[in-house]
There are 2 protein chains.
Amino acid sequence: MIHSKKTTKRDWVGSAGSHDHRVCIVDALDKAAALCSQRGARLTQIRRRVLELIWSNHRPIGAYSILEVLKKERTNAAPPTVYRALDFLLKQGLVHRIQSQNAFIGCPNPDPNLQHTGTFLICTDCGNAVELEETKIDRLLEISASNQGFVIESRTIEAAGLCTDCQVN
Amino acid sequence: MIHSKKTTKRDWVGSAGSHDHRVCIVDALDKAAALCSQRGARLTQIRRRVLELIWSNHRPIGAYSILEVLKKERTNAAPPTVYRALDFLLKQGLVHRIQSQNAFIGCPNPDPNLQHTGTFLICTDCGNAVELEETKIDRLLEISASNQGFVIESRTIEAAGLCTDCQVN
DNA sequence: TTATTAATTGTTATAGTATAACATTTATGA
DNA sequence: TCATAAATGTTATACTATAACAATTAATAA
(Lines give C-alpha, C1' and ligand atoms only; values in the text may rest on other atoms or scores of the structure.)
Protein backbone atom coordinates (compact mmCIF):
# COMPACT_ATOMS: atom_id res chain seq x y z
CA MET A 1 0.00 0.00 0.00
CA ILE A 2 1.34 3.39 -0.98
CA HIS A 3 0.82 6.47 1.14
CA SER A 4 0.87 9.90 -0.42
CA LYS A 5 3.22 12.22 1.37
CA LYS A 6 1.61 15.34 0.01
CA THR A 7 0.51 17.73 2.70
CA THR A 8 -3.21 18.25 2.65
CA LYS A 9 -5.37 20.60 4.63
CA ARG A 10 -6.52 17.75 6.76
CA ASP A 11 -3.01 16.93 7.78
CA TRP A 12 -2.30 20.13 9.60
CA VAL A 13 -1.55 19.97 13.28
CA GLY A 14 -0.30 23.07 14.94
CA SER A 15 2.74 24.51 13.27
CA ALA A 16 4.08 21.04 12.65
CA GLY A 17 2.57 20.49 9.23
CA SER A 18 2.11 16.93 8.05
CA HIS A 19 3.09 14.17 10.41
CA ASP A 20 2.87 10.48 11.09
CA HIS A 21 -0.24 10.37 13.16
CA ARG A 22 0.33 6.79 14.27
CA VAL A 23 3.06 8.16 16.50
CA CYS A 24 0.59 10.57 18.11
CA ILE A 25 -1.75 7.71 18.90
CA VAL A 26 0.90 5.40 20.27
CA ASP A 27 2.39 8.19 22.35
CA ALA A 28 -0.95 9.12 23.79
CA LEU A 29 -1.86 5.56 24.70
CA ASP A 30 1.55 4.89 26.19
CA LYS A 31 1.44 8.00 28.32
CA ALA A 32 -2.08 7.16 29.42
CA ALA A 33 -1.12 3.66 30.45
CA ALA A 34 1.91 4.91 32.35
CA LEU A 35 0.00 7.63 34.16
CA CYS A 36 -2.89 5.39 35.11
CA SER A 37 -0.61 2.67 36.35
CA GLN A 38 1.33 5.21 38.38
CA ARG A 39 -1.90 6.47 39.90
CA GLY A 40 -3.54 3.14 40.46
CA ALA A 41 -6.28 4.12 38.05
CA ARG A 42 -7.66 1.45 35.78
CA LEU A 43 -7.38 2.09 32.08
CA THR A 44 -9.92 -0.55 31.11
CA GLN A 45 -10.54 -1.76 27.57
CA ILE A 46 -13.43 0.57 27.04
CA ARG A 47 -11.58 3.57 28.40
CA ARG A 48 -8.52 2.79 26.38
CA ARG A 49 -10.55 2.33 23.23
CA VAL A 50 -12.43 5.59 23.74
CA LEU A 51 -9.14 7.39 24.21
CA GLU A 52 -7.87 5.80 21.04
CA LEU A 53 -10.95 6.91 19.13
CA ILE A 54 -10.54 10.43 20.42
CA TRP A 55 -7.02 10.32 19.07
CA SER A 56 -8.23 9.24 15.62
CA ASN A 57 -7.23 12.68 14.50
CA HIS A 58 -6.67 16.17 15.85
CA ARG A 59 -10.24 17.32 15.59
CA PRO A 60 -12.51 17.48 18.62
CA ILE A 61 -14.96 14.59 18.52
CA GLY A 62 -18.46 14.42 19.97
CA ALA A 63 -19.59 11.75 22.42
CA TYR A 64 -22.11 10.37 19.98
CA SER A 65 -19.55 10.11 17.20
CA ILE A 66 -17.47 8.01 19.54
CA LEU A 67 -20.53 5.97 20.38
CA GLU A 68 -21.27 5.36 16.72
CA VAL A 69 -17.91 3.65 16.23
CA LEU A 70 -17.99 1.88 19.57
CA LYS A 71 -21.36 0.34 18.78
CA LYS A 72 -19.84 -1.58 15.89
CA GLU A 73 -17.46 -3.23 18.32
CA ARG A 74 -19.68 -3.62 21.36
CA THR A 75 -23.34 -4.24 20.82
CA ASN A 76 -23.89 -3.04 24.35
CA ALA A 77 -22.46 0.41 23.91
CA ALA A 78 -24.85 3.15 24.99
CA PRO A 79 -24.47 6.82 25.86
CA PRO A 80 -23.44 6.11 29.46
CA THR A 81 -20.72 3.80 28.19
CA VAL A 82 -19.09 6.70 26.41
CA TYR A 83 -19.80 9.39 28.96
CA ARG A 84 -18.39 7.28 31.78
CA ALA A 85 -15.22 6.66 29.85
CA LEU A 86 -15.02 10.37 29.07
CA ASP A 87 -15.51 11.26 32.73
CA PHE A 88 -12.63 9.00 33.63
CA LEU A 89 -10.35 10.34 30.91
CA LEU A 90 -11.19 13.92 31.80
CA LYS A 91 -10.51 13.30 35.46
CA GLN A 92 -7.15 11.76 34.61
CA GLY A 93 -6.37 14.77 32.45
CA LEU A 94 -5.93 12.57 29.38
CA VAL A 95 -8.68 14.34 27.51
CA HIS A 96 -9.95 17.91 27.38
CA ARG A 97 -13.43 19.13 26.78
CA ILE A 98 -13.87 21.67 24.00
CA GLN A 99 -16.71 23.74 25.38
CA SER A 100 -17.46 25.65 22.21
CA GLN A 101 -18.21 22.40 20.42
CA ASN A 102 -19.47 20.09 23.14
CA ALA A 103 -16.70 17.81 22.03
CA PHE A 104 -13.53 16.20 23.28
CA ILE A 105 -9.89 16.11 22.31
CA GLY A 106 -6.87 14.21 23.50
CA CYS A 107 -4.29 15.95 25.64
CA PRO A 108 -0.83 15.59 24.11
CA ASN A 109 0.90 16.43 27.36
CA PRO A 110 -1.01 15.03 30.29
CA ASP A 111 0.40 16.41 33.48
CA PRO A 112 1.86 13.74 35.79
CA ASN A 113 0.43 15.53 38.79
CA LEU A 114 -2.25 18.00 37.95
CA GLN A 115 -5.27 17.89 35.74
CA HIS A 116 -4.55 21.05 33.78
CA THR A 117 -7.00 22.81 31.55
CA GLY A 118 -5.85 23.63 28.06
CA THR A 119 -5.67 26.64 25.80
CA PHE A 120 -6.82 25.82 22.30
CA LEU A 121 -6.58 27.13 18.78
CA ILE A 122 -9.33 25.62 16.69
CA CYS A 123 -9.36 25.98 12.92
CA THR A 124 -12.81 26.72 11.55
CA ASP A 125 -11.79 25.31 8.18
CA CYS A 126 -10.01 22.01 8.75
CA GLY A 127 -11.36 21.56 12.27
CA ASN A 128 -8.03 20.73 13.85
CA ALA A 129 -7.40 21.92 17.37
CA VAL A 130 -4.01 22.63 18.87
CA GLU A 131 -3.29 22.92 22.55
CA LEU A 132 -0.96 25.76 23.45
CA GLU A 133 1.59 25.34 26.20
CA GLU A 134 1.28 29.03 26.99
CA THR A 135 1.28 29.81 30.68
CA LYS A 136 1.46 33.60 30.43
CA ILE A 137 -2.18 33.83 29.50
CA ASP A 138 -3.09 31.83 32.57
CA ARG A 139 -1.09 34.09 34.82
CA LEU A 140 -2.51 37.23 33.27
CA LEU A 141 -6.00 35.89 33.71
CA GLU A 142 -5.23 35.03 37.31
CA ILE A 143 -3.97 38.55 37.93
CA SER A 144 -6.99 40.14 36.32
CA ALA A 145 -9.20 37.91 38.41
CA SER A 146 -7.42 38.66 41.65
CA ASN A 147 -7.77 42.36 40.94
CA GLN A 148 -11.47 41.69 41.35
CA GLY A 149 -10.88 39.54 44.39
CA PHE A 150 -11.75 36.49 42.36
CA VAL A 151 -9.95 33.16 42.78
CA ILE A 152 -9.89 30.95 39.71
CA GLU A 153 -10.40 27.22 40.02
CA SER A 154 -10.70 26.23 36.39
CA ARG A 155 -10.86 27.95 33.07
CA THR A 156 -11.76 27.63 29.43
CA ILE A 157 -9.75 29.32 26.71
CA GLU A 158 -10.63 28.53 23.13
CA ALA A 159 -9.80 30.59 20.08
CA ALA A 160 -11.43 29.89 16.75
CA GLY A 161 -9.89 31.01 13.50
CA LEU A 162 -7.75 29.88 10.60
CA CYS A 163 -4.62 27.80 10.88
CA THR A 164 -1.61 28.40 8.67
CA ASP A 165 -2.61 25.92 6.00
CA CYS A 166 -6.18 27.10 5.72
CA GLN A 167 -5.58 30.82 5.39
CA VAL A 168 -4.66 31.26 1.74
CA ASN A 169 -6.98 28.71 0.28
CA MET B 1 -42.65 48.04 50.86
CA ILE B 2 -39.33 47.91 52.60
CA HIS B 3 -36.19 46.68 50.91
CA SER B 4 -33.37 45.30 52.97
CA LYS B 5 -30.08 46.98 52.16
CA LYS B 6 -28.03 44.19 53.58
CA THR B 7 -25.56 42.78 51.15
CA THR B 8 -26.23 39.14 50.45
CA LYS B 9 -24.27 36.61 48.46
CA ARG B 10 -26.77 36.91 45.68
CA ASP B 11 -26.15 40.60 45.33
CA TRP B 12 -22.55 40.38 44.34
CA VAL B 13 -21.54 41.68 40.93
CA GLY B 14 -17.89 41.97 40.19
CA SER B 15 -16.01 44.02 42.70
CA ALA B 16 -18.91 46.40 43.01
CA GLY B 17 -20.69 44.66 45.83
CA SER B 18 -24.38 45.30 46.29
CA HIS B 19 -26.05 47.59 43.79
CA ASP B 20 -29.36 48.80 42.49
CA HIS B 21 -29.97 46.28 39.79
CA ARG B 22 -32.83 48.24 38.28
CA VAL B 23 -30.20 50.59 36.96
CA CYS B 24 -28.41 47.72 35.26
CA ILE B 25 -31.60 46.71 33.51
CA VAL B 26 -32.58 50.17 32.40
CA ASP B 27 -29.06 50.88 31.18
CA ALA B 28 -28.91 47.67 29.20
CA LEU B 29 -32.28 48.24 27.56
CA ASP B 30 -31.48 51.84 26.76
CA LYS B 31 -28.18 50.99 25.20
CA ALA B 32 -29.78 48.19 23.24
CA ALA B 33 -32.49 50.49 21.88
CA ALA B 34 -29.93 53.11 20.93
CA LEU B 35 -27.62 50.68 19.21
CA CYS B 36 -30.37 48.94 17.30
CA SER B 37 -31.88 52.18 16.15
CA GLN B 38 -28.47 53.40 15.05
CA ARG B 39 -27.98 50.19 13.07
CA GLY B 40 -31.43 49.94 11.60
CA ALA B 41 -31.95 46.69 13.49
CA ARG B 42 -35.37 46.04 14.94
CA LEU B 43 -35.52 45.50 18.67
CA THR B 44 -38.97 43.94 18.61
CA GLN B 45 -41.10 43.25 21.68
CA ILE B 46 -39.97 39.67 21.93
CA ARG B 47 -36.31 40.54 21.51
CA ARG B 48 -36.53 43.33 24.02
CA ARG B 49 -38.32 41.14 26.50
CA VAL B 50 -35.81 38.33 26.12
CA LEU B 51 -32.99 40.80 26.71
CA GLU B 52 -34.79 42.04 29.78
CA LEU B 53 -35.19 38.52 31.12
CA ILE B 54 -31.51 37.83 30.55
CA TRP B 55 -30.82 40.92 32.60
CA SER B 56 -32.97 39.68 35.48
CA ASN B 57 -29.75 39.20 37.35
CA HIS B 58 -26.05 38.69 36.75
CA ARG B 59 -26.21 34.95 36.39
CA PRO B 60 -26.06 33.28 33.00
CA ILE B 61 -29.52 32.02 32.06
CA GLY B 62 -30.43 29.08 29.86
CA ALA B 63 -32.69 29.34 26.83
CA TYR B 64 -35.31 27.11 28.39
CA SER B 65 -35.39 29.17 31.57
CA ILE B 66 -36.13 32.19 29.45
CA LEU B 67 -38.79 30.20 27.62
CA GLU B 68 -40.42 29.19 30.88
CA VAL B 69 -41.04 32.80 31.81
CA LEU B 70 -41.92 33.87 28.31
CA LYS B 71 -44.60 31.20 28.06
CA LYS B 72 -46.55 32.84 30.86
CA GLU B 73 -46.77 35.99 28.79
CA ARG B 74 -47.12 34.53 25.30
CA THR B 75 -48.97 31.28 24.91
CA ASN B 76 -47.22 30.90 21.58
CA ALA B 77 -43.69 30.93 22.89
CA ALA B 78 -41.68 27.93 21.76
CA PRO B 79 -37.97 27.10 21.61
CA PRO B 80 -37.46 28.86 18.26
CA THR B 81 -39.03 32.00 19.72
CA VAL B 82 -36.26 32.20 22.27
CA TYR B 83 -33.42 30.99 20.09
CA ARG B 84 -34.26 33.46 17.34
CA ALA B 85 -34.27 36.30 19.80
CA LEU B 86 -30.98 35.05 21.21
CA ASP B 87 -29.48 34.85 17.73
CA PHE B 88 -30.44 38.44 17.14
CA LEU B 89 -29.13 39.66 20.48
CA LEU B 90 -25.88 37.75 20.02
CA LYS B 91 -25.40 39.16 16.55
CA GLN B 92 -25.96 42.67 17.87
CA GLY B 93 -23.45 42.01 20.62
CA LEU B 94 -26.03 42.71 23.31
CA VAL B 95 -25.69 39.26 24.78
CA HIS B 96 -22.84 36.83 25.22
CA ARG B 97 -22.94 33.09 25.22
CA ILE B 98 -21.39 31.35 28.22
CA GLN B 99 -20.06 28.22 26.59
CA SER B 100 -19.26 26.36 29.79
CA GLN B 101 -22.91 26.55 30.82
CA ASN B 102 -24.83 26.60 27.55
CA ALA B 103 -26.29 29.81 28.84
CA PHE B 104 -26.49 33.50 28.08
CA ILE B 105 -25.65 36.73 29.81
CA GLY B 106 -26.19 40.38 29.02
CA CYS B 107 -23.28 42.47 27.83
CA PRO B 108 -22.85 45.56 30.00
CA ASN B 109 -20.77 47.35 27.40
CA PRO B 110 -22.01 46.53 23.93
CA ASP B 111 -19.55 47.84 21.41
CA PRO B 112 -21.02 50.47 19.05
CA ASN B 113 -19.12 48.95 16.17
CA LEU B 114 -17.89 45.49 16.81
CA GLN B 115 -19.48 42.44 18.24
CA HIS B 116 -16.78 41.68 20.80
CA THR B 117 -16.43 38.46 22.69
CA GLY B 118 -16.13 38.69 26.44
CA THR B 119 -13.82 37.43 29.14
CA PHE B 120 -15.75 36.12 32.11
CA LEU B 121 -15.27 35.33 35.76
CA ILE B 122 -18.01 33.01 36.90
CA CYS B 123 -18.55 32.28 40.57
CA THR B 124 -19.28 28.63 41.25
CA ASP B 125 -21.04 29.53 44.49
CA CYS B 126 -23.37 32.44 43.78
CA GLY B 127 -23.42 31.91 40.02
CA ASN B 128 -22.76 35.51 39.13
CA ALA B 129 -20.65 36.22 36.07
CA VAL B 130 -18.59 39.33 35.51
CA GLU B 131 -17.25 40.44 32.18
CA LEU B 132 -13.68 41.71 32.31
CA GLU B 133 -12.63 44.63 30.16
CA GLU B 134 -9.14 43.16 29.96
CA THR B 135 -7.55 43.50 26.54
CA LYS B 136 -4.08 42.27 27.45
CA ILE B 137 -5.23 38.68 27.55
CA ASP B 138 -6.67 39.05 24.09
CA ARG B 139 -3.43 40.45 22.77
CA LEU B 140 -1.35 37.78 24.41
CA LEU B 141 -3.58 35.12 22.97
CA GLU B 142 -3.30 36.71 19.54
CA ILE B 143 0.47 36.72 19.79
CA SER B 144 0.61 33.11 20.91
CA ALA B 145 -1.66 32.22 18.05
CA SER B 146 0.33 34.10 15.45
CA ASN B 147 3.45 32.34 16.62
CA GLN B 148 1.75 29.25 15.28
CA GLY B 149 0.63 31.05 12.16
CA PHE B 150 -2.91 31.02 13.44
CA VAL B 151 -5.30 33.93 12.93
CA ILE B 152 -8.01 34.27 15.56
CA GLU B 153 -11.54 35.17 14.55
CA SER B 154 -13.37 34.67 17.81
CA ARG B 155 -12.59 33.35 21.21
CA THR B 156 -14.02 32.07 24.46
CA ILE B 157 -12.43 32.88 27.80
CA GLU B 158 -14.26 31.78 30.89
CA ALA B 159 -12.81 31.33 34.35
CA ALA B 160 -14.73 29.56 37.07
CA GLY B 161 -13.96 30.08 40.74
CA LEU B 162 -14.98 32.00 43.81
CA CYS B 163 -15.84 35.66 43.90
CA THR B 164 -14.86 37.89 46.80
CA ASP B 165 -18.06 37.45 48.71
CA CYS B 166 -18.18 33.69 48.39
CA GLN B 167 -14.65 32.87 49.44
CA VAL B 168 -14.80 33.01 53.22
CA ASN B 169 -18.23 31.57 53.66
C1' DT C 1 -9.93 -19.97 48.42
C1' DT C 2 -13.86 -17.77 49.28
C1' DA C 3 -16.63 -14.23 51.02
C1' DT C 4 -17.08 -9.32 51.00
C1' DT C 5 -16.81 -5.06 49.14
C1' DA C 6 -15.98 -1.71 45.70
C1' DA C 7 -15.62 -0.48 40.99
C1' DT C 8 -17.13 -0.98 36.46
C1' DT C 9 -20.37 -1.89 32.99
C1' DG C 10 -25.24 -3.00 31.26
C1' DT C 11 -29.75 -1.24 30.44
C1' DT C 12 -33.70 1.65 30.08
C1' DA C 13 -35.56 5.89 30.41
C1' DT C 14 -35.55 10.66 30.37
C1' DA C 15 -33.81 15.46 30.88
C1' DG C 16 -31.75 19.36 28.63
C1' DT C 17 -30.13 22.01 24.51
C1' DA C 18 -30.74 23.39 19.77
C1' DT C 19 -32.33 23.52 14.97
C1' DA C 20 -34.99 22.17 10.56
C1' DA C 21 -38.80 23.09 7.82
C1' DC C 22 -42.72 25.14 6.44
C1' DA C 23 -46.88 28.19 7.43
C1' DT C 24 -48.54 32.60 8.77
C1' DT C 25 -48.34 37.21 10.03
C1' DT C 26 -46.40 41.74 10.28
C1' DA C 27 -43.59 45.50 8.79
C1' DT C 28 -41.32 48.18 4.95
C1' DG C 29 -40.68 50.35 0.80
C1' DA C 30 -41.87 50.86 -4.09
C1' DT D 1 -52.02 49.18 -2.29
C1' DC D 2 -49.21 45.89 -3.79
C1' DA D 3 -44.94 43.38 -3.51
C1' DT D 4 -41.28 41.99 -0.82
C1' DA D 5 -38.74 40.99 3.09
C1' DA D 6 -38.53 40.23 7.87
C1' DA D 7 -40.32 38.29 11.84
C1' DT D 8 -43.06 35.07 14.20
C1' DG D 9 -46.00 30.73 14.65
C1' DT D 10 -46.00 25.80 14.68
C1' DT D 11 -44.67 21.06 14.62
C1' DA D 12 -41.32 17.90 14.60
C1' DT D 13 -36.93 16.23 15.45
C1' DA D 14 -31.84 16.08 16.24
C1' DC D 15 -28.21 16.37 19.39
C1' DT D 16 -26.08 16.32 24.11
C1' DA D 17 -26.07 14.51 28.73
C1' DT D 18 -27.51 12.24 32.99
C1' DA D 19 -30.56 9.52 36.37
C1' DA D 20 -31.52 5.22 38.31
C1' DC D 21 -31.12 0.66 39.11
C1' DA D 22 -29.39 -4.07 37.69
C1' DA D 23 -25.70 -7.10 36.58
C1' DT D 24 -21.04 -8.15 36.31
C1' DT D 25 -16.25 -7.96 37.21
C1' DA D 26 -12.15 -6.82 39.91
C1' DA D 27 -9.72 -6.07 44.35
C1' DT D 28 -9.18 -7.07 49.14
C1' DA D 29 -9.54 -9.24 53.49
C1' DA D 30 -10.73 -13.14 56.13
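Reminder, nothing fancy here: chain letters follow the sequence lines and each chain counts from 1.
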Contact letters for nucleotides 9-14 of chain C, in which S counts primed atoms plus P, OP1 and OP2 and B counts the base, heavy atoms under 4.0 Å: BBBB--
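Taking each heavy atom of A/L51 and A/L94 in turn, the nearest pair found is CD1-O, 4.0 Å.
Residue B/E68 contributes atom CD, which lies 12 Å from atom C1' of C/dG16 at whole-angstrom precision. With rounding to whole Å, B/Y83 atom OH is found 18 Å from C/dA21 atom C1'. Across the protein-nucleic acid pair, B/N102 atom CG and C/dT19 atom C1' stand 14 Å apart, rounded to whole Å. Rounded to whole angstrom, the span from the CD atom of B/Q92 across to the C1' atom of D/dA6 amounts to 14 Å. Atom pair A/R48:CZ and C/dT8:C1' shows a separation of 18 Å (rounding to whole Å applied). A straight line from CG of B/L70 to P of D/dT8 spans 11 Å, rounded to a whole angstrom. Between A/F88 atom CZ and D/dT18 atom P the separation is 18 Å, expressed in whole Å. Regarding B/Q99, its CD atom lies at a distance of 14 Å from the P atom of C/dT17, rounded to whole Å.
Side-chain contact annotation: A/S100 with A/E158, donor-acceptor N/O pair under 3.5 Å present. A donor-acceptor contact under 3.5 angstrom links the side chains of B/E131 and B/H116, judged on distance only.
Heavy-atom distances under 4.0 Å link DNA chain D to A/R42 of residues 28-43 of chain A, given in residue order.
Identified under the ring pair (Phe, Tyr, Trp, His ring centres under 6.0 Å) test for residues 67-92 of chain A, with sequence neighbours left out: none.
Heavy atoms of other residues, nucleotides or ligands lying less than 6.0 angstrom from CD of B/E153 number more than 12.
Atoms OG1 and CG, on B/T135 and B/L140 in that order, are 11.0 Å from each other to the nearest 0.5 Å.
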What verdict does the side chain to side chain contact (heavy atoms under 4.5 Å, CB included) test give for B/S144 and B/F150, after you've listed the backbone C-alpha separation in whole Å, the side-chain angles of each residue and the deciding distance to 0.1 Å? CA-CA 9 Å; B/S144 294; B/F150 191 100; over 6 Å; no
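B/R39 contributes a side-chain N or O that, together with a main-chain N or O of B/Q92, makes up a donor-acceptor pair within less than 3.5 Å. A donor-acceptor pair under 3.5 Å is formed between the side chain of A/T164 and the backbone N or O of B/Q148.
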